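Worksheet for the structure shown next.
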Amino acid sequence: QLQLVESGGGLVQPGGSLRLSCTASGFTLGYSAIGWFRQVPGKEREGVSCISISGGRTNHADSVKGRFTTSRDNAKNMAYLQMDSLKPEDTAVYYCAAGPPPGLSLCDLTQRRYDYWGQGTQVTVSS
């Protein structure tokens, strides 16, 4: 069974940090670009960060630049989203997704490009 599973979400105070993990099973994550997306109830899902197959290229939404970083460990079939300096507006359900990259050593946050999606993990930033 092909699936992605996110973990690491939870409740954190403003200014705090969380690290989300994305674990793939049933397929080799190392052949895919990985994207992180988030969604707030009543709003469209938005792209947060992505990482190329090799891990050498990342892109981030303007709203998280300088605060979020993404990485991957292809040997473990996992990816990570490190979230620092969290703000209440970062509260959302976070999803990881995998799919063919737009080109060698590239990634982008075009949602239709991603074939596999996790079930999401809740991140709540509140005092």
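Since the model is a prediction, treat every value here as computed from it, not as a measurement. For this chain, numbers begin at 1 and follow the sequence in order.
In this structure, R72 forms no cation-pi arrangement with Y80, as its terminal cationic atom is not both closer than 6.0 Å to the ring centre and no more than 45° off the ring axis. A cation-pi contact links R45 to Y95, judged by a cut-off of 6.0 Å to the six-membered ring centre and 45° from its axis.
Once rounded to the nearest 0.5 Å, the distance linking NZ of K87 with OG of S85 reads 8.0 Å. S25 OG to Q3 CD: the interatomic distance, rounded to the nearest 0.5 Å, is 4.0 Å. Atoms CG and OG1, from D90 and T124 in turn, are 11.0 Å apart once rounded to the nearest 0.5 Å. Distance check, rounded to the nearest 0.5 Å: OG of S32 to CD1 of I53 gives 6.5 Å. Separating the CD atom in E6 from the SG atom in C22 is a distance of 5.5 Å, to the nearest 0.5 Å. Remark: D108 CG to S52 OG distance equals 11.5 Å, nearest 0.5 Å.
Of the possible donor and acceptor atoms, none in the side chain of T110 sits under 3.5 Å from a partner among the backbone N and O of R112. In this structure, the side chain of N74 does not engage the main chain of N77 through any donor-acceptor pair within 3.5 Å.
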Margin query: The test is salt bridge (charged side-chain N to carboxylate O under 4.0 Å, His left out); show your working for D62 and K65 and say whether it passes.
Written below: CA-CA 5 Å; D62 289 343; K65 280 181 180 177; 3.1 Å; yes
Check: Could you walk me through whether S49 and Q82 pass the side chain to side chain contact (heavy atoms under 4.5 Å, CB included) check?
Finding: CA-CA 10 Å; S49 301; Q82 177 67 41; over 6 Å; no
Margin query: Assess the residue pair Q39 and E44 against the criterion (side chain to side chain contact (heavy atoms under 4.5 Å, CB included)); give the C-alpha distance rounded to whole Å, side-chain angles, the decisive distance to 0.1 Å, and a yes or no.
Written below: CA-CA 6 Å; Q39 188 169 25; E44 292 187 356; 5.6 Å; no
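The two residues P14 and S126 make their nearest non-hydrogen contact at CD-C, 3.6 Å. V40 and A92 get closest at one heavy-atom pair: CG2-CB, 3.8 Å. Nearest heavy-atom pair across W117 and Q111 is CZ2-O, 3.7 Å. Residues Y114 and C50 share a closest heavy-atom pair of OH-CB, 3.7 Å. Nearest approach of T91 to Q122, heavy atoms of both residues: CG2-NE2, 3.9 Å. Here the closest heavy-atom approach between residue H60 and residue T69 is recorded as CE1-CA, 3.9 Å.
Through chains of ILVMFWY side-chain contacts below 4.5 Å, I34 is grouped with L2, L4, V12, L18, L20, F27, L29, W36, V48, I51, V64, F68, L81, M83, L86, Y94, Y116, V123, V125.
With a 4.5 Å cut-off on side-chain heavy atoms, C107 and P101 do not count as touching. Within the 4.5 Å cutoff, the side chain of R38 has heavy atoms near those of the S63 side chain.
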